[in-house]
Amino acid sequence: QVQLVESGGGLAQAGGSLRLSCAASGRSFRQLGMGWFRQAPGKEREFVAAVSWSGSNPDYAASVKGRFTNSRDNAKNAVYLQMNSLKPEETAVYYCAADLNGWGSARTTGYEYWGQGTQVTVSS
């Protein structure tokens, strides 16, 4: 019903920037809440950012607020995560997720669909 494909990961130096993209299939994109999560080796998946279907409740983890920007382009069925001032400890696989109820939750259990992830590596 919903397919998600992340792209844009890669290698960045500390203090550098990357922009991640998540392309979604289907006609219901405008009704989806969309979130970003990341998972480093040996650690649990953690919340990064989310936006509701309406865009009225943007949410960010405290650790990324002011540096990351989550946006959506409904015409392209896509969401983007602009990451600035990257830190080495933010090296992880980054995942996008879709919430059918339209609420951009900070919890992994709030999402029904997940992409395969894209690797982000930040060197020191």
Side-chain angles (χ1 to χ4, degrees):
Q1 185 175 351
V2 178
Q3 295 289 117
L4 304 174
V5 180
E6 300 98 334
S7 62
L11 178 65
Q13 295 183 358
S17 298
L18 287 172
R19 190 182 77 153
L20 306 183
S21 299
C22 176
S25 66
R27 295 183 177 182
S28 62
F29 181 77
R30 289 181 60 88
Q31 303 300 318
L32 299 174
M34 300 296 297
W36 289 96
F37 294 78
R38 63 190 178 192
Q39 187 167 23
K43 297 184 178 180
E44 294 186 351
R45 192 167 298 185
E46 67 174 350
F47 171 73
V48 177
V51 61
S52 71
W53 70 272
S54 67
S56 63
N57 67 330
D59 193 19
Y60 297 91
S63 62
V64 308
K65 190 173 184 179
R67 297 186 297 114
F68 289 13
T69 302
N70 187 29
S71 61
R72 65 190 301 159
D73 186 340
N74 290 338
K76 296 182 178 179
N77 284 5
V79 293
Y80 307 95
L81 184 67
Q82 178 67 45
M83 305 185 295
N84 297 328
S85 301
L86 283 163
K87 303 175 181 179
E89 58 265 35
E90 293 175 315
T91 293
V93 176
Y94 284 67
Y95 300 88
C96 68
D99 171 19
L100 293 178
N101 68 19
W103 185 261
S105 174
R107 299 181 178 182
T108 59
T109 54
Y111 297 87
E112 292 79 26
Y113 298 94
W114 293 82
Q116 292 298 116
T118 185
Q119 177 71 45
V120 171
T121 302
V122 185
S123 64
S124 60

Answer yes or no: does atom CD of Q3 have more than 12 heavy-atom neighbours from other residues, nucleotides or ligands under 6.0 Å?
-> no
Would a distance-only check, ignoring hydrogens and angles, find a side-chain to backbone donor-acceptor pair under 3.5 Å from T118 to E6?
-> no
Short side-chain to backbone donor-acceptor contact, T91 and V122, under 3.5 Å | yes
Just by modelled atom types, is the G33 backbone N or O under 3.5 Å from a matching donor or acceptor in the R72 side chain?
-> no
Taking all atoms of both residues into account, what is the closest heavy-atom pair of F29 and D73, and its distance?
-> CE2-O, 4.0 Å
So, do L4 and Q116 sit near enough that their side-chain heavy atoms are less than 4.5 Å apart?
-> no
Report yes if some heavy atom in the side chain of Y113 is under 4.5 Å from a heavy atom in the side chain of L100; otherwise report no.
-> yes
dist S28:OG -> W53:CH2 (nearest 0.5 Å) comes out at 13.0 Å
Nearest heavy-atom pair of L32 and A98: which atoms, and what distance?
-> CD1-CB, 4.1 Å
Main-chain N/O of T69 paired with Y80 side-chain donor or acceptor, under 3.5 Å | no
Any side-chain heavy-atom pair from N70 and F68 closer than 4.5 angstrom?
-> no
Just distance, no hydrogens or angles: give the donor-acceptor pairs under 3.5 Å from side chains in residues 10-22, sequence neighbours left out.
from	atom 1	to	atom 2	distance (Å)
S17	OG	N84	OD1	2.9

Disulfide bond (SG atoms under 2.5 Å apart) partners of residues 29-70, not counting sequence neighbours, each pair once | none
Identify the heavy atoms of A92 and A40 that sit nearest to each other, and give their distance.
-> CB-N, 3.8 Å
Please check if Y95 and L81 belong to a single hydrophobic cluster, counting links between Ile, Leu, Val, Met, Phe, Trp and Tyr side chain heavy atoms closer than 4.5 Å.
-> no
Over all atoms of both residues, closest heavy-atom pair of W103 and N101 | N-OD1, 2.9 Å
Are any non-hydrogen side-chain atoms of R67 and K87 less than 4.5 angstrom apart?
-> yes
Worked verdict on W114 versus R45 for side chain to side chain contact (heavy atoms under 4.5 Å, CB included) = CA-CA 12 Å; W114 293 82; R45 192 167 298 185; 3.4 Å; yes
Please lay out, stage by stage, how V64 and R38 fare under the test side chain to side chain contact (heavy atoms under 4.5 Å, CB included).
-> CA-CA 12 Å; V64 308; R38 63 190 178 192; 4.0 Å; yes
Reported CD-to-OG distance for the pair Q31 and S54, which is rounded to 0.5 angstrom = 10.0 Å
Given side chains that start at C-beta, do those of E112 and D99 come closer than 4.5 Å, heavy atoms only?
-> yes
Contact summary for M83 and L86, nearest pair of heavy atoms = CB-CD2, 3.8 Å
Does F47 have any ring pair (Phe, Tyr, Trp, His ring centres under 6.0 Å) partners at least two apart in sequence or in another chain, and if so, which?
-> F37
Can you name the closest pair of heavy atoms from Y111 and A50 and give their distance?
-> OH-CB, 3.5 Å
